[in-house]
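Here's the structure we're looking at; comments come further down.
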Number of protein chains: 2
Amino acid sequence: MIAVASAAEERPARVSGIDKIERRRVALAESALKTLGELGYARTSLREIANNSEFTHGVVHYYFRDKIDLISYCVRYYKTKCARRYDEVVETATSADELATGFLGKMTQTLVEETPMHKLWYDLRAQSMFEEQLRPDVEAIDQLLEEMIWRILSRYADLTGTTPTVDAPTAYALIDGLFEQAVVGYAANPEKVPDLLTGRLLQVLPKLVAA
Amino acid sequence: MIAVASAAEERPARVSGIDKIERRRVALAESALKTLGELGYARTSLREIANNSEFTHGVVHYYFRDKIDLISYCVRYYKTKCARRYDEVVETATSADELATGFLGKMTQTLVEETPMHKLWYDLRAQSMFEEQLRPDVEAIDQLLEEMIWRILSRYADLTGTTPTVDAPTAYALIDGLFEQAVVGYAANPEKVPDLLTGRLLQVLPKLVAA
DNA sequence: GAGATTTCTTGACAAGTGTCAAACAAAGTC
DNA sequence: GACTTTGTTTGACACTTGTCAAGAAATCTC
């Protein structure tokens with residue numbers, strides 16, 4: 001998606017050029033994501049993004065065709081960071097308890113440390129209902145997240161000697177429902193919400209598997 | 001909230017005046033909700049709302065202080081319509097099966113027939129993460145919906161001779177997760193999503209109660 | 001029906017938006 | 001070192017936004 005692979009076949013001089021473009025794009029996307037995470041999709045303008053970066057608003061338009069192109073790029077860039085968050089836990093855990101605590105730990109950690117990102121994600125998913133151009137990217141991320149949850153639940157079932165009793169989309173919707181509730185509630189109750197989320201997930205997880 | 005109660009104490013002539021104001025407000029809110037449901041919060045302007053109504057954009061400002069005031073009123077008005085949707089089913093059902101099918105029937109029905117409303121709700125809830133002024137209204141609705149889900153689950157437990165195994169916020173987050181997934185996916189797959197939702201809820205409901 | 005009040009229309013405003021293009025600077029090429 | 005390509009700045013454009021105010025129209029009051 002972010003197209004680095006195919007560039008490797010061209011001559012070195014050119015590669016570094018494309019690489020530099022890609023670097024700028026990434027820098028702009030990271031800056032844009034910060035602003036988007038704080039203000040939300042609706043209130044973020046290209047000028048605001050440029051102001052909160054080291055570039056001018058013309059540069060934004062130089063590297064991205066238009067606003068949707070930028071946002072879309074941001075979303076795709078974002079996904080590369082989020083969907084592999086629990087992989088290490090899944091791979092290293094040797095017991096169901098270890099997996100559960102590791103998973104919940106990482107989840108509350110990202111909830112607290114990357115709140116703006118998660119707010120933005122739920123915002124963008126809502127926007128995708130109205131803005132068709134966002135839909136493919138949002139669908140792709142949703143798919144990735146679903147697979148992520150499924151890997152966790154499968155492993156959890158393995159470690160408990162059980163099998164999942166719901167399919168992947170259902171498991172994702174349930175757990176995502178709890179997480180979204182936590183993200184929305186976090187602003188009002190930053191100190192209590194992480195523990196509530198942990199407790200609720202601990203209640204729910206065992207119900208999603210059975211011998 | 002929508003202030004009719006206190007008006008009753010004034011002299012009759014005045015009451016009908018206030019009543020008329022309230023009627024206009026409701027008419028404007030209903031029109032605004034239609035536009036909001038189609039375009040989403042971000043892309044809906046006061047002029048667009050006025051254009052899609054029988055009034056001019058000046059009237060909007062005459063009856064509502066500003067944009068947030070209007071949206072906020074819309075949200076509160078909306079909530080009065082949505083949170084009692086399943087009450088009849090809950091009250092008349094005499095068996096768990098009857099309750100489940102009645103509940104699922106009404107849920108898929110509103111999913112299909114009032115899609116814009118539900119899209120708007122998830123949009124506004126996302127917006128409330130960025131716009132503090134929306135938060136109280138959104139929280140109030142969330143509370144109402146949670147209670148609605150809890151009434152259903154309690155009754156379901158009663159009819160099956162069991163008790164819920166999760167608390168109200170958890171039950172709401174889980175079921176709402178499934179419903180939101182359905183709303184988001186409905187645009188892409190209008191014919192399959194309702195049945196998928198039904199199947200998933202049928203899988204999940206029994207897991208939320210136990211003897 | 002005259003006069004006062006409420007309701008509505010119209011047009012304007014300041015501010016902000018996405019987009020673009022022309023001028024300018026930097027880097028790379030021969 | 002001249003010339004082309006690439007990157008950046010700046011300022012402008014057409015347009016939309018929320019807000020408001022002055023006045024017309026409708027309604028009510030006596």
Side-chain angles (χ1 to χ4, degrees), chain A residues 7 10-29 31-32 35-36 38-74 124 127 130-134, chain B residues 7 10-29 31-32 35-36 38-75 123-124 127 130-134:
Chain A
E10 310 201 8
R11 57 200 161 94
R14 206 88 183 98
V15 167
S16 82
I18 287 188
D19 216 32
K20 192 176 177 207
I21 289 184
E22 214 47 43
R23 255 182 248 285
R24 271 275 185 281
R25 278 211 168 100
V26 167
L28 280 166
S31 185
T35 309
L36 281 164
E38 273 162 30
L39 302 182
Y41 177 88
R43 268 160 295 286
T44 302
S45 68
L46 293 184
R47 280 176 166 79
E48 192 68 29
I49 289 174
N51 281 349
N52 291 11
S53 79
E54 47 177 341
F55 311 100
T56 59
H57 70 273
V59 179
V60 178
H61 192 258
Y62 181 78
Y63 286 100
F64 296 98
R65 201 178 327 108
D66 54 22
K67 190 182 184 181
I68 283 285
D69 190 29
L70 167 62
I71 305 268
S72 174
Y73 185 92
C74 286
L124 285 176
Q127 293 312 311
F130 302 101
E131 187 116 34
E132 283 196 59
Q133 299 184 69
L134 286 175
Chain B
E10 309 201 9
R11 59 201 159 94
R14 207 85 184 100
V15 166
S16 79
I18 286 188
D19 215 33
K20 184 166 181 218
I21 289 184
E22 214 49 43
R23 255 183 248 285
R24 270 276 185 282
R25 277 211 168 100
V26 167
L28 279 166
S31 184
T35 310
L36 281 165
E38 274 161 30
L39 302 182
Y41 178 88
R43 266 161 296 286
T44 302
S45 67
L46 293 185
R47 280 176 166 79
E48 193 67 31
I49 289 174
N51 281 348
N52 292 10
S53 78
E54 47 177 342
F55 311 100
T56 60
H57 70 273
V59 178
V60 177
H61 192 258
Y62 180 77
Y63 286 100
F64 296 98
R65 203 180 326 105
D66 53 23
K67 189 181 184 180
I68 284 285
D69 190 31
L70 167 61
I71 305 269
S72 174
Y73 185 92
C74 286
V75 174
D123 186 12
L124 285 175
Q127 294 311 311
F130 302 101
E131 187 115 35
E132 284 195 58
Q133 299 183 72
L134 285 176

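Sequence lines set the chain letters: A, B, ... in the order given, protein chains first and strands last, and positions in each chain run from 1. Hydrogens, waters and symmetry mates play no part in the numbers below; they use all other heavy atoms, side chains included.
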For atom [atom1] of [X] and atom [atom2] of [N], their distance in whole Å:
| X | N | atom1 | atom2 | value |
| --- | --- | --- | --- | --- |
| A:Glu22 | D:dG7 | CD | C1' | 16 Å |
| A:Leu28 | D:dT8 | CG | P | 9 Å |
| A:Lys67 | C:dT17 | NZ | C1' | 8 Å |
| A:Glu48 | C:dA15 | CD | P | 16 Å |
| B:Ile49 | D:dT16 | CD1 | P | 17 Å |
| B:Ile21 | D:dC28 | CD1 | P | 13 Å |
| A:Arg23 | D:dG7 | CZ | P | 13 Å |
| B:Asp69 | D:dC20 | CG | P | 12 Å |

Residues that B:Phe64 engages under ring-ring contact (aromatic ring centres under 6.0 Å, His included), provided they are two or more places apart: B:Tyr73

Report each atom pair, protein N/O against N/O of nucleotides 9-12 of chain D, whose distance is under 3.5 angstrom.
from: D:dT9; atom 1: OP2; to: A:Thr56; atom 2: OG1; distance (Å): 2.7
from: D:dG11; atom 1: O6; to: A:His57; atom 2: NE2; distance (Å): 2.8
from: D:dA12; atom 1: N6; to: A:Arg47; atom 2: NH2; distance (Å): 2.6

To the nearest 0.5 Å, what is the distance between CD1 on B:Ile71 and CG on B:Leu46?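 The CG atom of B:Leu46 is 7.5 Å from CD1 of B:Ile71, to the nearest 0.5 Å.
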
Would you give the length of the straight line joining atom NE2 of B:His61 to atom CG of B:Asp66, rounded to the nearest 0.5 angstrom?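 CG of B:Asp66 is found 7.0 Å from NE2 of B:His61.
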
State which residues pass side chain to side chain donor-acceptor pair (under 3.5 Å) with A:Ser72; sequence neighbours excluded, sorted by chain then number.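 Result, side chain to side chain donor-acceptor pair (under 3.5 Å) vs A:Ser72: A:Asp137.
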
Distance check: side-chain N/O of [X] vs OP1/OP2 of [N], anything under 4.0 Å?
| X | N | result |
| --- | --- | --- |
| B:His61 | D:dC20 | yes |
| A:Ser45 | C:dG16 | no |
| A:Arg24 | D:dT8 | yes |

Not counting sequence neighbours, which residues clear side chain to side chain contact (heavy atoms under 4.5 Å, CB included) with A:Thr44? List them please.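 By the side chain to side chain contact (heavy atoms under 4.5 Å, CB included) rule, A:Thr44 matches A:Thr35, A:Leu36, A:Leu39, A:Ile49.
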
Just to verify, what does A:Asn51 make a side chain to side chain contact (heavy atoms under 4.5 Å, CB included) with, not counting sequence neighbours? none

How is B:Phe64 classified with respect to the nucleic acid when contacts are heavy atoms under 4.0 Å: base, sugar-phosphate, or nothing? nothing

Applying salt bridge (charged side-chain N to carboxylate O under 4.0 Å, His left out), which residue pairs with at least one partner in residues 41-59 of chain A are found, sequence neighbours left out? A:Arg43-B:Glu131

